[in-house]
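Here's the structure, in C-alpha cells; my notes come after.
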Amino acid sequence: MLTEFGRVLIFLIVGALFVAVGLITAWLLRPNRPYPSKLATYECGETPFGDTHIRFNIRFYVVALIFLIFDVEVVFLFPWATVYKGLGWPAFIEMAVFLVILLVGYAYVWRKGDLDWDKPAPSIPRYAAGTGVHEEAHQDGIEA
Amino acid sequence: MLGEVLRKPDKGKSSGVLFGDHERYVDWDGRSEDPQGSPGGALRRELEAGHSSPITEYTITQTAMKELLLGIFENPVIVYTLLALVPLIFVIPFALFAVWWERKISAHMQDRLGPMRTGGWHGWAQTIADILKLIQKEDIIPSAADRRLFKLAPYIVFAGSYAAYAAIPFSAAYIGSEINIGLFYVIAISSIVVVGLLMAGWASNNKWSLFGAMRSAAQIVSYEIPIALGLLAVVMVAGTFDLQEINRMQSGWFWNWFMFQKFPFLFLAMIVYFVASLAEVNRTPFDIPEAESELVGGYHTEYGGMRFALLFLSEYANMFAVSAVASTVFLGGWNSPFGSFLSGPVLGFFWFLAKGMAFIFVQMWLRWTLPRLRVDQLMYVGWKVLIPFGFVIVFGVGIWTLAVR
C-alpha cells in the first residue's frame, strides 16, 4: 500500500514528467539551426570575455551561515509549537532560554555589521597633525 | 521522540455542530452501509488504523472521492496519479490566465489598455498565443554553458514548486497527500526551488545569470526565516501541522479565521508572512534577482523557448502556492466566510480560489505600485525588521496562549 509520502513522490514525478512532456512537444515542433554567434553567451551584444565560474563575493557566504543557524533553530521550534500548550510554562521558559541564547548571537551579528549588505568600513585611526607623520588625508588627495 | 511530537494530536473533535453542513456530503457517492465489501472500505480501514485521530466527517468527504476512483480502477497507484494531476489541470490554466491578468492590471494602473487584439474580447487569447509561439521557438543552449545542469534546472524548479501543491487542501474533498506535517512540508519543499535557480544561473555561464541566481538564493534563504516564524505562530495556536485540520479549526463565521485570532499577533504574522513570501517568489519590490533594467533577465537570461516557458510557469505556480498557504492558514482556506451558508466541498473549492486570487491580486498591485528595493535595503527589511517582528509574535502568542489557558 502506498503511504502518504508515496503520494508526495507521485507529485514530484508528475511535475518532472510534465516538464519532460512539454520539452518533447517543443522538440518535435521547433527548428534547429545553430551557428556560433547564436550560441555565444549573451553580454548585451559585446563580445563575451572571461569565464563566469570564478570566486564570488564573500557576503553571500556569510548570509548562508547566518541563515543556517536560524533555520536549524526554527526547525527545533516547530515540534515544540505543537505540544507546548500541554506542557505549560516550564516548556515555554525552556524554549525562551534557547531563543535568548540565539538572540544574543543575533545581537552580536547585528552589532558586528554582518546583517548589513555594505559592511561599515572599519575606522582607521588617523595621525593628528604635528606628530611628524604625513597627514593621510592630504596624501590620499594627491594619489587620487 | 520526534515522531511522538510530530504525530497528529488526538483532538477527539467529531461534533456534528462544528462541521455543520459537511455532514450531508458523507453519503456523497452513495456509499453502502457496509464498507467491508468495497475496495474503498479496505482503504478506509487502513486509514483508520494509520491515523491516531478518529475518522471525522471531513475525512470521509475526502476519502469519498478516492473510494469512487478506487472502485473504478482498483489500483491505488493509478488513483493517486490521477489525483496528483488535479493541481496540474488547475495550475496551467491559472498561469495562462494570471499572465494575461497581470498585463491587464499593469496596463490599467498605467492608464493603458494592455493586450486588446488577440482573440477578440480584451485580448483574452494573448497568453495562449504566446505559449504557442514559445513551443515553436528554437532551443538555444549557449556553447559555454554546462549542458547537463542547464537542462536539469527546469525539472528541479518545476517539480519543486509543483510538489508544494501536494499538501495544499483545495477543498474539504481534495488534498494531494494527507501527510500530518503538511505545513512543515510545504516550507521545506518550496526551498528546493532555490537549488534549481542556482543551478540555472551557474550552468548558464553568463554573468547576468550568475548575479541573478546568487541574489535570488541569498534573498530566498534570508526571507525563509520570517516565513517560518510567521507560520510558527499559526502552529502554536493550532497545535498541528495538518492543513486540513487547521482549516477545520477556522470553520464558522469569518471571525474564526486565524487572521483575527490572538489579535493583533496573528494579523501581524500574516503581514510578516505575506511580505516575506513576496521575496520568496521574487516579486516586486523584492525582484532584484531578475531586475530587468539591470540584470537583463536574472537566472533565466540564457533560457529561451519552452525551457523559459516552464521556468515562467513555475514562477506563477509558486506565486499561487504561497498565496494558497496564506489563505489556508490565515483566511480559513476553503471555509465559507458566512458559517455554513454556501459551504461544502465544491463551494469550498471556490472560496479557496477566491482567497488565493485575492492574494495574487495584491501581489500584482504591489508590483505596479512599489519601486524595487536595493540589495542593502533588502537585507535590512529581512534581517532587521521582519525577523525581530517574527520573534515578538512568537513570544506574544506563546505568553497569551499560556496565560489564558
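Here is the naming used below: chain letters follow the sequence lines, and residue numbers restart at 1 for every chain.
Taking the six-membered ring where tryptophan is involved, the planes of F5(A) and Y185(B) are perpendicular, since the angle between them exceeds 60° and thus also 30°. Aromatic ring pairs are classed by plane angle as parallel below 30°, tilted from 30° to 60° and perpendicular above 60°; the pair W383(B) and F70(A) is perpendicular. Using cut-offs of 30° and 60° for the angle between ring planes, the F92(A) and F395(B) rings count as perpendicular.
Between chain A and the residues I92(B), L88(B), L402(B), V235(B), the most heavy-atom pairs under 4.5 angstrom are made by L402(B). Listed options A163(B), G398(B), A144(B), A218(B) were ranked by heavy-atom pairs under 4.5 angstrom with chain A; first place goes to G398(B). Interface remark: of the candidates P142(B), A84(B), A309(B), A84(B) forms the most heavy-atom pairs closer than 4.5 Å to chain A. Among L103(A), N32(A), L23(A), the residue making the largest number of heavy-atom pairs under 4.5 Å with chain B is L23(A). Ranked by heavy-atom pairs shorter than 4.5 Å toward chain A, the options T81(B), L134(B), V77(B) are led by T81(B). Of the residues considered (I192(B), V91(B), V237(B)), V237(B) shows the highest number of contacts with chain A, using heavy-atom pairs under 4.5 Å. Chain A forms more heavy-atom pairs under 4.5 Å with one residue of E302(B), M214(B), Q136(B), M306(B) than with any other, namely M214(B).
At a 4.5 Å heavy-atom cutoff, R374(B) makes no contact with chain A through either its backbone or its side chain. No part of I69(A) comes within reach of chain B, as not one of its non-hydrogen atoms sits under 4.5 angstrom from that chain. For a residue to count as touching a neighbouring chain, one of its non-hydrogen atoms must lie under 4.5 Å from one of that chain's; by this rule L99(A) touches chain B with the side chain only. The contact between P87(B) and chain A is made entirely by side chain atoms (from C-beta outward), counting heavy-atom distances below 4.5 Å. Of the atoms belonging to K137(B), it is backbone heavy atoms, and not side-chain ones, that fall under 4.5 Å from chain A.
Looking only at side-chain heavy atoms (C-beta outward), V74(A) and L229(B) come within less than 4.5 Å of each other. Here the side chains of E138(B) and P34(A) are in contact, with some heavy-atom distance below 4.5 Å. Proximity of I135(B) to R30(A): side-chain heavy atoms (C-beta onward) are nowhere separated by under 4.5 Å. Looking at heavy atoms from C-beta onward, V8(A) lies in side-chain contact with I179(B) at the 4.5 angstrom threshold. Put simply, the side chain of P79(A) does not reach to within 4.5 Å of the side chain of F184(B), judged on heavy atoms.
Within a 6.0 Å radius of OH in Y165(B), more than 12 heavy atoms belonging to other residues, nucleotides or ligands are found. Heavy atoms from other residues, nucleotides or ligands lying under 6.0 Å from CZ of F98(A) number more than 12. Counting non-hydrogen atoms of neighbouring residues, nucleotides and ligands closer than 6.0 angstrom, the CD atom of E94(A) reaches no more than 12 such neighbours. Surrounding CH2 of W27(A) are at most 12 heavy atoms belonging to other residues, nucleotides or ligands under 6.0 Å away.
The minimum heavy-atom distance linking K384(B) with Y106(A) is given by the pair CA-OH, 4.0 Å. Nearest approach of L12(A) to A159(B), heavy atoms of both residues: CD2-O, 3.7 Å.
Close placement of the F18(A) and F158(B) rings is indicated, their centers lying within 6.0 Å of each other.
In this structure, L102(A) CG and F391(B) CZ are separated by 5.5 Å, a value rounded to the nearest 0.5 Å. Atom CG of residue L77(A) and atom CE of residue M236(B) lie 8.0 Å apart, to the nearest 0.5 angstrom. Taking CG of D376(B) as the reference point, atom CZ of R59(A) lies at 10.5 Å (rounded to 0.5 Å). The distance from the CZ atom of F78(A) to the CD1 atom of I187(B) is 3.5 Å, given to the nearest 0.5 Å.
Without hydrogens or angle criteria, S177(B) side chain to E4(A) main chain gives a donor-acceptor distance under 3.5 Å. Remark: side-chain polar atoms of S143(B) are paired, donor with acceptor, to backbone N or O of L39(A) under 3.5 angstrom. The backbone N or O of A166(B) sits nowhere less than 3.5 Å from a side-chain atom of R7(A) that would complete a donor-acceptor pair.
Judged purely by distance below 3.5 Å, without hydrogens or angles, the side chains of S204(B) and Y42(A) never pair a donor atom with an acceptor atom.
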Would you please test L115(A) and M379(B) for side chain to side chain contact (heavy atoms under 4.5 Å, CB included) and show each step? CA-CA 7 Å; L115(A) 297 181; M379(B) 294 292 286; 6.0 Å; no
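Sorted by first then second residue, the salt bridge (charged side-chain N to carboxylate O under 4.0 Å, His left out) pairs that include residues 60-72 of chain A, not counting sequence neighbours, number zero.
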